[in-house]
Amino acid sequence: MPSLHPLTDLLPDDLGDKPSPGCLAEPFCRWAWEITDSVWFAEGSYWIVVKPLRVILILLLALVARWALHRAINRLVRTTGRSTVPTLLRPLRERIPSASLDPEEFVPERRRQRAEAIGSVLRSVVTAFVFGIALLMTLREFNFDLAPLLASAGIAGVALGFGAQSLVKDLLAGLFMLIEDQYGVGDTVDLGEATGVVESVGLRVTTVRDGRGVLWYIRNGEIIRVGNKSQGWALVVVDLPIGFASTEEATAVLRTAAASVALDPELAPEIVETPDVLGVEQITVDGAVIRTVVKTTAEGQFAVGRELRRRLAEALENSGITARIAAARLYPGVPVAGAGETGRGGST
């Protein structure tokens with residue numbers, strides 16, 4: 001039996017003058033044969049032309065889908081500066097019916113920065129998702145078996161999830177923190193172990209500078225509670241002991257001093273409601289304690305609080321109540337009025 005030509009086992013039907021019946025059954029192969037009258041081009045047209053065109057089409061569709069989704073995300077971010085803001089991007093306190101606050105109290109720039117951060121995360125997720133699907137479709141075009149690949153990816157994902165669960169926890173907590181606007185850069189917060197001003201907010205770590213200048217790095221997944229002292233308004237509470245002096249006299253003195261704080265032109269813009277002397281808050285062995293409160297803006301609470309304490313203390317001293325408190329402590333068995341006279345008599 002004569003030996004076969006060595007190329008007959010490698011080239012399909014190269015010794016013939018027509019493509020194989022299977023190739024001619026394909027429209028593109030038949031069209032390529034009719035145009036070029038080349039057997040090898042018609043036989044290889046599926047890999048030479050069709051496959052590359054399909055890959056290019058997949059990449060173009062991925063780019064178009066990514067562009068469209070990014071455009072939608074950018075439009076969603078831009079709407080945050082307008083009056084109609086999507087519910088997803090509203091701060092948590094604005095979505096709670098009981099938290100009916102003036103919308104003008106929330107700074108648009110802060111909302112814009114938060115939306116930009118969320119938009120950046122969404123764009124990254126969209127890019128990874130779209131091009132991941134495009135990569136799988138491209139591999140499928142080259143006859144890769146995706147079942148083992150997907151199974152291996154699933155196993156690797158589970159292993160990564162167990163090994164990096166704290167990282168995933170931090171990232172998810174940071175994402176929800178940004179969506180809910182729990183705090184932002186410049187806010188004074190109480191995070192449990194650390195209390196101070198927020199210097200940076202990331203998806204994984206938040207940095208806080210406390211009153212002593214220590215910079216704390218806190219993982220978002222470890223934050224159990226957040227006390228934000230810079231959102232909306234603040235309430236300054238001042239408790240002052242008056243000893244066993246007349247509560248009506250002390251209340252009148254403190255009310256006059258508190259009202260003078262509201263009339264201060266430098267502090268008036270920071271005061272939301274007029275200071276109020278509530279009355280006796282508690283009774284101790286040293287006498288009564290009177291509480292004074294004032295509602296202020298979040299930024300002005302510290303300045304108003306310091307000035308309110310100073311004026312209340314001066315008012316008690318100028319009215320003589322402070323001297324009577326000191327006398328009562330020096331002579332605990334003597335009535336307040338007599339103790340003050342005895343103390344003055346003993347000093348002469």
Side-chain angles (χ1 to χ4, degrees), residues 77 80-81 85-122 165-239 267 269-273 291 293-309:
V77 170
T80 58
V85 180
T87 305
L88 177 64
L89 294 179
R90 291 182 183 175
L92 184 62
R93 58 186 180 278
E94 291 187 38
R95 286 183 267 152
I96 301 176
S98 60
S100 56
L101 300 176
D102 187 1
E104 295 181 357
E105 295 181 5
F106 306 108
V107 184
E109 181 64 19
R110 172 192 173 96
R111 176 179 290 166
R112 186 193 65 80
Q113 293 176 357
R114 183 172 59 92
E116 286 289 348
I118 298 174
S120 177
V121 175
L122 292 178
Q165 55 183 336
S166 60
L167 176 62
V168 175
K169 179 182 178 182
D170 295 339
L171 294 178
L172 290 177
L175 179 61
F176 280 106
M177 180 273 300
L178 285 174
I179 293 176
E180 296 172 356
D181 191 23
Q182 297 177 9
Y183 53 82
V185 176
D187 286 355
T188 301
V189 296
D190 182 357
L191 302 180
E193 293 294 332
T195 300
V197 179
V198 178
E199 290 200 351
S200 67
V201 177
L203 281 180
R204 195 181 72 86
V205 173
T206 296
T207 58
V208 176
R209 180 86 62 178
D210 66 11
R212 297 178 180 270
V214 180
L215 187 62
W216 294 81
Y217 294 86
I218 307 169
R219 289 167 40 202
N220 293 328
E222 300 299 322
I223 299 176
I224 306 301
R225 61 172 179 81
V226 177
N228 196 324
K229 302 179 181 180
S230 301
Q231 288 182 347
W233 51 270
L235 189 67
V236 177
V237 180
V238 180
D239 291 335
L267 299 177
E270 306 295 340
I271 297 177
V272 178
E273 294 181 1
R291 170 165 294 183
V293 298
V294 56
K295 192 175 183 179
T296 69
T297 61
E299 295 79 10
Q301 58 179 312
F302 303 106
V304 173
R306 284 191 290 268
E307 183 63 18
L308 179 63
R309 295 183 187 93

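No donor-acceptor distance shorter than 3.5 angstrom exists from the side chain of D210 to the backbone of W216, with no hydrogens or angles considered.
Within the model, atoms NZ of K295 and CD of Q301 stand 13.0 Å from one another, a figure rounded to the nearest 0.5 Å. Expressed to the nearest 0.5 Å, how far CD of E193 lies from CD1 of I224 amounts to 11.0 Å. Atoms CD and CG, on E307 and L267 in that order, are 5.5 Å from each other to the nearest 0.5 Å. For the atom pair E299 CD and D187 CG, the distance stands at 9.0 Å (nearest 0.5 Å).
Side-chain N/O atoms of N220 and D170 include no donor and acceptor closer than 3.5 Å. Y183 and T188 are not linked by any side-chain donor-acceptor pair at a separation below 3.5 angstrom, with hydrogens and angles left out of the test.
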Distance-only criterion, 3.5 Å: show the donor-acceptor pairs between side-chain atoms of residues 198-205 and protein atoms not counting sequence neighbours.
residue	atom	partner	partner atom	Å
E199	OE1	R209	NH2	3.4
E199	OE2	R209	NE	2.9
S200	OG	T207	OG1	2.4

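The neighbour count for K169 NZ, taken as heavy atoms of other residues, nucleotides or ligands under 6.0 Å away, does not exceed 12.
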Working note: V197 + V208, criterion side chain to side chain contact (heavy atoms under 4.5 Å, CB included); need CA distance, chi angles, decisive distance, verdict.
CA-CA 5 Å; V197 179; V208 176; 5.9 Å; no
In sequence, state the C-alpha distance, the side-chain angles, and the governing distance for I223 and I218, and then conclude on side chain to side chain contact (heavy atoms under 4.5 Å, CB included).
CA-CA 7 Å; I223 299 176; I218 307 169; 3.6 Å; yes
Show, in sequence, the C-alpha distance, side-chain angles and deciding distance for D190 and T195, and conclude whether the side chain to side chain contact (heavy atoms under 4.5 Å, CB included) test is met.
CA-CA 4 Å; D190 182 357; T195 300; 3.0 Å; yes
Using the rule given for side chain to side chain contact (heavy atoms under 4.5 Å, CB included), can you reason through V293 versus V236, listing the C-alpha separation, both sets of side-chain angles and the distance that settles it, and then say yes or no?
CA-CA 6 Å; V293 298; V236 177; over 6 Å; no
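Across R291 and V237, no two heavy atoms sit closer than the pair NE-CG1, 3.4 Å.
Listed by chain and number, the residues in a side-chain hydrogen bond (donor to acceptor under 3.5 Å, both in side chains) with E222 are R219 (sequence neighbours excluded). With sequence neighbours left out, the side-chain hydrogen bond (donor to acceptor under 3.5 Å, both in side chains) criterion links E270 to T297.
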